[in-house]
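Order of the sequence lines sets the chain letters (A, B, ...), proteins ahead of strands, with each chain counted from 1.
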Amino acid sequence: MSKTQRITPRTLKGFRDYLPAAMIPRERLISTARRVYRSYGFSPVDTPALEYLEILAGKGGEETDKQLYKFEDHGGRWVGLRFDLTVPLARFAAQHMAELGTPLKRYHIATVWRGENTQRGRYREFMQCDFDTIGTRSVAADVETALVIHDLFGALGFEAFTIRLNHRGVLTGLLERLDLADRAVPVLRALDKLAKVGPVAVADEMKAAAGATDAQAEEILRLAAIEGTNDEILAQLEPLVAGSPLGNSGVARLAELLSAVRAAGVAAGRVKLDVSIARGLDYYTGTVFETLLDALPAIGSVCSGGRYDNLAELYTNQELPGVGASLGLDRLLAAMEELGMIEKTATPAPVFVAFFDKNRLHDYLRLAAALRARGLGVELYPDPKKLGQQLKYADRRGHRVALIAGENEFTAGTVQVKDLATGKMQDVAWTGTDAGPLVEAIGRILGRIS
RNA sequence: GUGGCUGUAGCUCAGUUGGUUAGAGCGCUGGAUUGUGGUUCCAGAAGUCGGGGGUUCGAGUCCCCUCUGCCACCCCA
């Protein structure tokens, strides 16, 4: 094939390849999320990437509709790629609830697609790690949602992160009192930008987009401007929503939630009440969560969620309230990359076996197999190249230990164990049967803090 | 979707007011007495200068379009 007719290898905007160095931390993150979710009793599920368009359309608000990848399939059906995992969950719950029963605690780690403009940490194909509890209105489920987020970020090695929370009822209650309840969406949209654009711009937008008066805008901003400890904020919130049942129950719910989270042992300051967060998704009705990395707030929320009263109402008569959150895996990875939290290794196997003597392949295979049987990741170099080149390869790939054995070692019944970080080597007994001494020597090197 | 910036070997970048066969560092491949890497030395492969069109005797260098990346808006993970 001539050079001119060759197809340029490329990927679509917002879609990416994952090389080993990127995929290894990615998989590690996924397995950490999985472990934490499971530790709370959430069970795995999966759903199709493609759904009937009617299932997806109009569920996340106007904006998500525009971002929806949709097309006609070969059978003339209108279909769409899921843009989150919550809407598929609603369909899933409506379809299978009779079989599964409540409460349903499920986690779902999968790819979603949104046809929007790309930015750092923002792609058209990305992965979400959702966990939700369906079929209960209990505050216990809200509390566990916060606890899962807390445990998850702790397990990932984050020291400084803040779970910000709010309750839709607080804002709605205030809006009811101000007679703005029918314009909640534009008002909340404006309010959501408070941290970014400041109070003056927010007031202007409320007046322009929602037709609020100066007094109304001022009142809303006063609510959002409340500062202090969680308890102080709660105390100031009460009079502001006085007279609104919705507002009162929202404040009460937040108080309950905060004291429970504290009782569960979460450090003060980790969970912060923030009445200005509204969250764009229309289906939230109660508690809302957002998680920010203290070191990198600009990248936005890396784990968000909240409570929804009846997500599945479009698909079933049965009432299915729920609460949950979604970890933005790719955004979080972009943040961790920027914070230098991604270990640079291109191999998942710490042990490297050199193919040193071309007549000894069987012995190397036996050696590698014996170590793998003991739970070690072992890579055998495929070609009997010069030892120097093999070691160079092992070093560049990030292997920690190299095993070298030639005629001398085999005759002596040993294997040379080399610590690739320090260069130190030692001969360890190996006659083809007992891997114990080798496992111990390798374990010492791997356990050492490098 | 709208606006701004950007695009030269795998990566980071040079490339003079448009002028002969486009360079460097790193990386990669191989070598420097046939058993030891991360330091050194030598050699090599690798770019239709993101793609297309135009202006010009002549364009990596100017103009238009398009694609990509980044930033802002919007929205959000």
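- A:G388 comes within contact range of the sugar-phosphate backbone alone, with a heavy-atom separation under 4.0 Å but no base atom that close.
- Across all strands shown, nothing is found opposite B:U21 as a Watson-Crick or G-U wobble partner with both distances under 3.5 Å.
- Only the C1' atoms considered, B:C74 is 26 Å distant from B:C65, to the nearest whole Å.
- No engagement by A:L329 is indicated, since no non-hydrogen atom pair under 4.0 Å with the nucleic acid exists.
- Here the separation of B:U20 from B:G60, taken at their C1' atoms, is 15 Å to the nearest Å.
- Per the geometry, NZ belonging to A:K418 stands 10 Å off P belonging to B:G38, to the nearest Å.
- Closest approach to the A:R114 side chain among B:G35, B:G37, B:C76 is made by B:C76 (side chain taken as heavy atoms from C-beta onward).
- No contact: A:D330 has no heavy atom under 4.0 Å from any strand.
- Every pair passing salt bridge (charged side-chain N to carboxylate O under 4.0 Å, His left out) that includes a residue from residues 346-368 of chain A is listed here, sequence neighbours excluded: A:R360-A:D363, A:R360-A:E407, A:D363-A:R366.
- One atom, CZ of A:R400, and another, C1' of B:G38, lie 15 Å apart when rounded to the nearest Å.
- Straight-line distance from the CG atom of A:L68 to the C1' atom of B:C75: 15 Å, rounded to whole Å.
- Among the heavy atoms of the strands, none lies under 4.0 Å from A:Y393.
- With sequence neighbours left out, A:F126 forms a ring-ring contact (aromatic ring centres under 6.0 Å, His included) with no residue at all.
- In this structure, CZ of A:R124 is placed 10 Å from P of B:C67, rounded to the nearest angstrom.
- Regarding A:N359, its CG atom lies at a distance of 15 Å from the P atom of B:G35, rounded to whole Å.
- Closest-nucleotide positions on RNA chain B for A:G328 and A:M425 were compared, and the one nearer the 5' end corresponds to A:M425.
- A:R374 is linked by a side chain to side chain donor-acceptor pair (under 3.5 Å) to nothing, counting only residues two or more places apart in sequence or in another chain.
- When the C1' atom is compared between B:A24 and B:U68, the two are found 26 Å apart, to the nearest whole Å.
- For A:R124 against A:K13, the heavy-atom pair with the smallest separation is CD-O, 3.3 Å.
- Here B:C76 presents its C1' atom at 8 Å from CZ of A:F126, a figure rounded to the nearest Å.
- Taking the six-membered ring where the residue is Trp, A:Y37 and A:F131 present tilted rings, their angle falling between 30° and 60°.
- Comparing the C1' positions of B:U33 and B:G50 gives an interatomic distance of 48 Å, to the nearest angstrom.
- With hydrogens and angles ignored, no donor-acceptor pair under 3.5 angstrom links the side chain of A:Q390 to the base of B:U36.
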Checklist entry - Taking it one step at a time, do A:Y107 and A:F42 satisfy ring pair (Phe, Tyr, Trp, His ring centres under 6.0 Å)? => result CA-CA 6 Å; A:Y107 73 86; A:F42 291 90; 7.8 Å; no
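- In this structure, A:D395 places its CG atom 12 Å from C1' of B:U39, rounding to the nearest Å.
- For A:D357 against B:G35, a side-chain-to-base donor-acceptor contact under 3.5 Å is absent.
- Scored by the side-chain contact (heavy atoms from CB on, under 4.5 Å) test, A:T111 finds A:W113, A:E125, A:M127 as partners (sequence neighbours excluded).
- Take A:Y123 and apply the side-chain contact (heavy atoms from CB on, under 4.5 Å) test, not counting sequence neighbours, and it matches A:R16, A:D330, A:A334.
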Next on the checklist: How would you summarise protein contacts on nucleotides 7-12 of chain B per nucleotide, using B for base, S for sugar-phosphate only and - for none, with heavy-atom distances below 4.0 Å?
Outcome noted: ------
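- Under the rule for a side chain to side chain donor-acceptor pair (under 3.5 Å), A:D383 has no partner lying at least two apart in sequence or in another chain.
- The P atoms of B:U8 and B:G51 are separated by 10 Å, rounded to the nearest whole Å.
- A:D17 is linked by a side-chain contact (heavy atoms from CB on, under 4.5 Å) to A:T11, A:L19, counting only residues two or more places apart in sequence or in another chain.
- Atom C1' of B:A59 sits at a distance of 14 Å from the matching atom of B:U48, rounded to the whole Å.
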Enumerate donor-acceptor pairs with a distance under 3.5 Å from any side-chain N or O in residues 146-159 of chain A to protein atoms, sequence neighbours excluded.
unit_1 : atom_1 : unit_2 : atom_2 : d
A:D151 : OD2    : A:Y40  : OH     : 2.6

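- Comparing A:T11 and A:G423 by the nucleotide of RNA chain B whose heavy atom lies nearest to each, the residue mapping closer to the 5' end is A:G423.
- Between A:K386 and B:A32 there is a side-chain polar atom (N or O) within less than 4.0 angstrom of OP1 or OP2.
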Show each protein N/O and nucleotides 25-29 of chain B N/O combination with a separation under 3.5 Å, one pair to a line.
unit_1 : atom_1 : unit_2 : atom_2 : d
B:C28  : OP1    : A:R396 : NH1    : 2.6
B:C28  : OP2    : A:R396 : NH1    : 2.4

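- Spacing between B:A22 and B:U40 at atom C1', rounded to whole Å, works out to 29 Å.
- With hydrogens and angles left out, the side-chain atoms of A:T285 and A:R307 include no donor and acceptor closer than 3.5 Å.
- Rounded to a whole angstrom, the distance from the C1' atom of B:G52 to that of B:A45 is 30 Å.
- Residues A:D214 and A:K207 are paired through a salt bridge, judged by an N-O separation under 4.0 Å between the basic side chain and the carboxylate.
- Across all strands shown, B:G10 pairs with B:C26; the Watson-Crick or G-U wobble distances both stay below 3.5 Å.
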Might you list the N or O atoms of the protein lying below 3.5 Å from N or O atoms in nucleotides 69-74 of chain B, with each pair's distance?
unit_1 : atom_1 : unit_2 : atom_2 : d
B:G69  : OP1    : A:G14  : N      : 3.2
B:G69  : OP2    : A:K13  : NZ     : 3.4
B:C71  : OP1    : A:R120 : NE     : 3.0
B:C71  : OP2    : A:R120 : N      : 2.7
B:A72  : OP2    : A:Q119 : OE1    : 3.2
B:C74  : OP1    : A:K193 : NZ     : 3.0
B:C74  : N4     : A:R122 : NH1    : 3.1

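- Taking atom CD of A:E409 as the reference point, atom P of B:U36 lies 12 Å away to the nearest angstrom.
- Judged as a side-chain contact (heavy atoms from CB on, under 4.5 Å), and not counting sequence neighbours, the contacts of A:L391 are A:L387, A:A402, A:I404, A:K418, A:L420.
- When Watson-Crick and G-U wobble pairs are counted only if both distances are under 3.5 Å, B:G1 pairs with B:C73.
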